[in-house]
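Step one of this worksheet: look at the structure below.
By convention in this document, chain letters (A, B, ...) are assigned in the order of the sequence lines, proteins followed by strands, and residues within each chain are numbered from 1.
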Amino acid sequence: MASAHHDEHPTGLSRWLFTTNHKDIGTLYLLFALLMFFVGGAMALVIRAELFQPGLQIVDPHFFNQMTTMHALIMIFGVVMPAFVGFANWQLPMMIGAPDMALPRMNNWSFWILPFAFTLLLSSLFAPGGGPAAGWTLYAPLSVREGMAVDFTILSIHMMGISSVLGAINIIATVLNMRAPGMNLMKMPLFVWTWLITAFLLIAVMPVLAGAVTMLLTDRHFGTHFFDAAGGGDPVMYQHIFWFFGHPEVYILILPAFGLVSQIIPTFARKPLFGYDSMVYATASIAFLSFIVWAHHMFTVGMPTAGELFFMYATMLIAVPTGVKVFNWVATMWRGSMSFETPMLFAVAFVFLFTIGGLSGLMLAIVPADFQYHDTYFVVAHFHYVLVTGAILAIMGGAYYWLPKWTGHMYNETLGKWHFWLTVIGMNVTFFPQHFLGLAGMPRRIPDYALQFTEFNQWSTIGAFLLGFSQILLVIVVVQTIRGGKKAANKVWEGAEGLEWTLSSPPPYHSFATAPKIK
Amino acid sequence: MVKQPASGREPAPRSPELRRAIRRTALLLAAIAIGMFVFTLVRHWS
């Protein structure tokens, strides 16, 4: 139970600046992610506006390249990752019966590094020569030769990496040490499991990215030649190091989404999650496999055939644990007492649409096919189905699911459903035609294109603007719910199971001052 | 003696055993992260 003493906290700005409370920090992460969603989204709309018709209309090609680079960096490091850390901060202590995160002061630091990192990144747009334009992968040698914006980007990536690693350490230390008595690992909610595994991935690979960009920095300014062929270096080595980080990063961006969906579907199917143990093992298998598939991003660099075969088959193997997950979600819904409130709509859409992204990933895993698809819009369609109709839909579903718990008020269900349908239609109109563009041969990362690609590009742009503007509804729903509304019960959803629903809505400032007993 | 937080910003104090366990976990993980960074640089230093 929370005592009056424990509910005391500073007010005003100092509450947010100096907070060590997991809920406050969770809120900060989520609001930061929402803000960056609009910044990164605005950049996407610049890209799509330019691509509405062939020829150069709105921006010059160099600025277009800056937009593609910044859009990706912001959406990956500024939206999806902070949103998931926000969910982890809010939910993990409540789900495992802990009063707070294990390292509350470090938690504050993990968050407050981020606004500075992104201010630095965004300020590079005003640097001489403009922002970074080498793509989010910062491939050498292009990134070695670009202007000072790359230095801004490298420093900001270091800051984001430190923030992520500190957050991951905190999450692992919390889950391993702060569980309520009786909650053994195989009783943990699946969202906790997926985050535990994701945190290990973060600790293993964020330092590798830091190493890669450090070598980039020394190549740029300190006379080394890691990636410079003229000095005995190897540009392809940069790609190997980057993707050794980059592929596990893809799973960092999706495993917590699997966890969110695995919380939502059983609640609205009013059945326990089908195959809990297999879900845990599938998550761990995906995490392991993510370390041995990196070179499928670079099949066309001229690898030995044996290497291509290894990475092709290893990549295809990921379909097995992923298939287990999709099967389990469907089996959870099978003959359940289903109802379709907004969080469930997002979760069901996730299962359908993420699977489309997974299947196009399998197509890309086939080496001879990848030679055709590589660097085309098919790849753009694939990873947007995984990240937008995957990660982003899960984040939105999770927000609707727990918003009543966090705020103590029910959100507006009608507006929520409008938001869902406009978002899902917008996403599909934006990204589905990009499959056809890629298969027809339209390259990615270009501001201009041949005439025959016009119609599908126009559909894609119309969808993007629908998707972008429908997110105003999300802001309206969130603001309305924070400000007031129908009082939410402690157990907001009839079928919800878990410790967080035993607390009041909104929960006390420190979740479980006395640890609950788990049977 | 474990200091009681004055402002309520932090949760109630933890037992010394729990504090030690958290510290041990955090230091081990930090060592892994630093190790991965150093390994990435050293591995490619030639």
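Atom-to-atom distance recorded for L28(B):CG and I169(A):CD1 is 9.5 Å, nearest 0.5 angstrom. Of the inter-residue distances, the one linking T40(B) atom OG1 with F245(A) atom CZ reads 12.0 Å to the nearest 0.5 angstrom. Distance check: I203(A) CD1 to I32(B) CD1 gives 6.5 Å after rounding to the nearest 0.5 Å. Interatomic distance, H44(B) NE2 to Y238(A) OH, rounded to the nearest 0.5 Å: 12.5 Å.
Of all non-hydrogen atoms in M36(B) and A204(A), the two that sit nearest each other are CE-O, 3.1 Å.
The choice from A30(B), A33(B), G35(B) that makes the most heavy-atom pairs within less than 4.5 Å of chain A is A33(B).
When each of I172(A), L166(A), L202(A) is checked for a side-chain contact (heavy atoms from CB on, under 4.5 Å) with L29(B), only I172(A) meets the rule.
I22(B) pairs by the side-chain contact (heavy atoms from CB on, under 4.5 Å) definition with A102(A), L103(A), A173(A), N177(A), M178(A), R14(B), L18(B), not counting sequence neighbours.
Few gaps surround CZ on R15(A); more than 12 heavy atoms of other groups in view lie less than 6.0 Å from it. Within 6.0 Å of atom CH2 in W109(A), 12 or fewer heavy atoms from other residues, nucleotides or ligands are found, so the atom counts as exposed in its surroundings.
Looking at T214(A) and F37(B), their side chains come closer than 4.5 Å, going by heavy atoms from C-beta outward.
With a 4.5 angstrom heavy-atom cutoff, V208(A) touches chain B via backbone and side-chain atoms both. Heavy atoms closer than 4.5 Å to chain B are found nowhere in M106(A), neither backbone nor side chain.
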